[in-house]
Amino acid sequence: TMQERLREAGKNEDAIQFWRDRIQELPRTQIGTIHSLCSSLLRMNPMESKVDPAFQILTEPDLTRFLEEETVSFIAKEARKPATDGRDTAKITSVQILLDEYGASGFAGILKNFSDGDYPTEADWQDALQHTKDPVMTEESDEDGPRPKTSEEETQERRLLTAWRDVLPRFAGHMKEAKEHLNVLTFNDLEQRAVTMLKESPELCARYRRRFKYIMVDEFQDTNNRQQELVYLLSGGDASTLRGKNLFVVGDAKQSIYRFRGADVSVFQEVQKEIEKSGGVNLSLSLNFRSEPPIIRFCNDFFEQPWDCDT
């Protein structure tokens, strides 16, 4: 039993000393969420992060209200610009193209999806342009599958993509200015700015790598690509490849429940492979000390059909 194991451990002087040493180290151990770590990195290094250390973090419901209001503000500002504005004529035309295509409400709804970062990369734009040539399925498509696009449809898709490609960088600038004016950051901003700072400041990144002898991340199935980059930088100094040998992660792919907040369970699966590749070990924690066998049997029987797989 657990009591017997504790009594036995109490007789072992080596074990007692081991835990005494761990207790001594505890005050030097930094424990917190990934976002609290990012916040600390930015506040402690204002010159490198280019962030006012007195910033506030936007949380719900203020976050949603802020993003919605600033999205509407951006559209209104763009719509008020005169139709002939010298060099800005193309930009105004882009906004008008999107307003004509989606309407004010539809345009705002789509634009809001980009209001908290995660803007398309150059590779994304090029890929999207390539897909304008893809065939489409419509109600008029025959039984043989999708039909080729007409030249008019392809032209319109390219026109819309070009408009979005023009508008989104300016929208990003608008949101950045709005946040700086209020001195606020979102959780996405914390991650992005912390990762950017460590990438652009190798000496600072090296200092934090020396500070963190070991790194453990719990609930790793609910992380995203940016958080993976942060952990990799703090472990080995490389955002794309795990070069450190001090990383320990805990997770369960079946418990990934935060996809709606940007979590990507494939990140957990990729890191598992990277740890093995770097000489680490994947351990399966197959014993459950919290659930009685009758509860497990009921859950397995209940979910066997919905999951359509072995439990």
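Only heavy atoms go into these numbers, but all of them, side chains included; no hydrogens, no water, no symmetry mates.
- In this structure, Arg28 CZ and Arg211 CZ are separated by 11.5 Å, a value rounded to the nearest 0.5 Å.
- Applying the side chain to side chain contact (heavy atoms under 4.5 Å, CB included) rule to Arg207 yields the partners Asn45, Leu204, Arg210; only residues at least two apart in sequence or on another chain are considered.
- The side chain to side chain contact (heavy atoms under 4.5 Å, CB included) check on Ile57 picks up Ser39, Arg43, Phe55, Thr59, Phe187, Leu190, with sequence neighbours excluded.
- For the side-chain hydrogen bond (donor to acceptor under 3.5 Å, both in side chains) condition, the pairs that include at least one residue of residues 49-58, sequence neighbours left out, are Asp52-Asn183.
- Every residue meeting the side chain to side chain donor-acceptor pair (under 3.5 Å) condition with Thr64, not counting sequence neighbours, appears here in chain and number order: Glu60.
- Taking the six-membered ring where tryptophan is involved, the planes of Tyr102 and Phe107 are essentially parallel, since the angle between them stays under 30° and well short of 60°.
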Before you tell me yes or no, could you show the steps for Thr186 and Phe66 under side chain to side chain contact (heavy atoms under 4.5 Å, CB included), namely the whole-Å CA-CA distance, both residues' side-chain angles and the distance that decides it to 0.1 Å?
CA-CA 10 Å; Thr186 67; Phe66 170 79; 5.6 Å; no
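- Ring geometry for Phe268 versus Phe220: interplanar angle of 30 to 60°, hence tilted.
- Of the charged side-chain nitrogens involved, at least one lies within less than 4.0 Å of a carboxylate oxygen, so that Lys179 and Asp116 count as a salt-bridged pair.
- Heavy atoms of other residues, nucleotides or ligands lying less than 6.0 angstrom from CD of Glu203 number 12 at most.
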List the steps and the verdict of side chain to side chain donor-acceptor pair (under 3.5 Å) for Gln17 and Asp21.
CA-CA 6 Å; Gln17 187 58 47; Asp21 292 342; 2.9 Å; yes
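- Partners of Glu101 according to the side chain to side chain contact (heavy atoms under 4.5 Å, CB included) rule, which considers only residues two or more places apart in sequence or in another chain, are Gln156, Leu160.
- Asp127 meets the side chain to side chain contact (heavy atoms under 4.5 Å, CB included) test with His131; sequence neighbours excluded.
- The 12-atom threshold is exceeded at NZ of Lys77, counting heavy atoms of other residues, nucleotides or ligands nearer than 6.0 Å.
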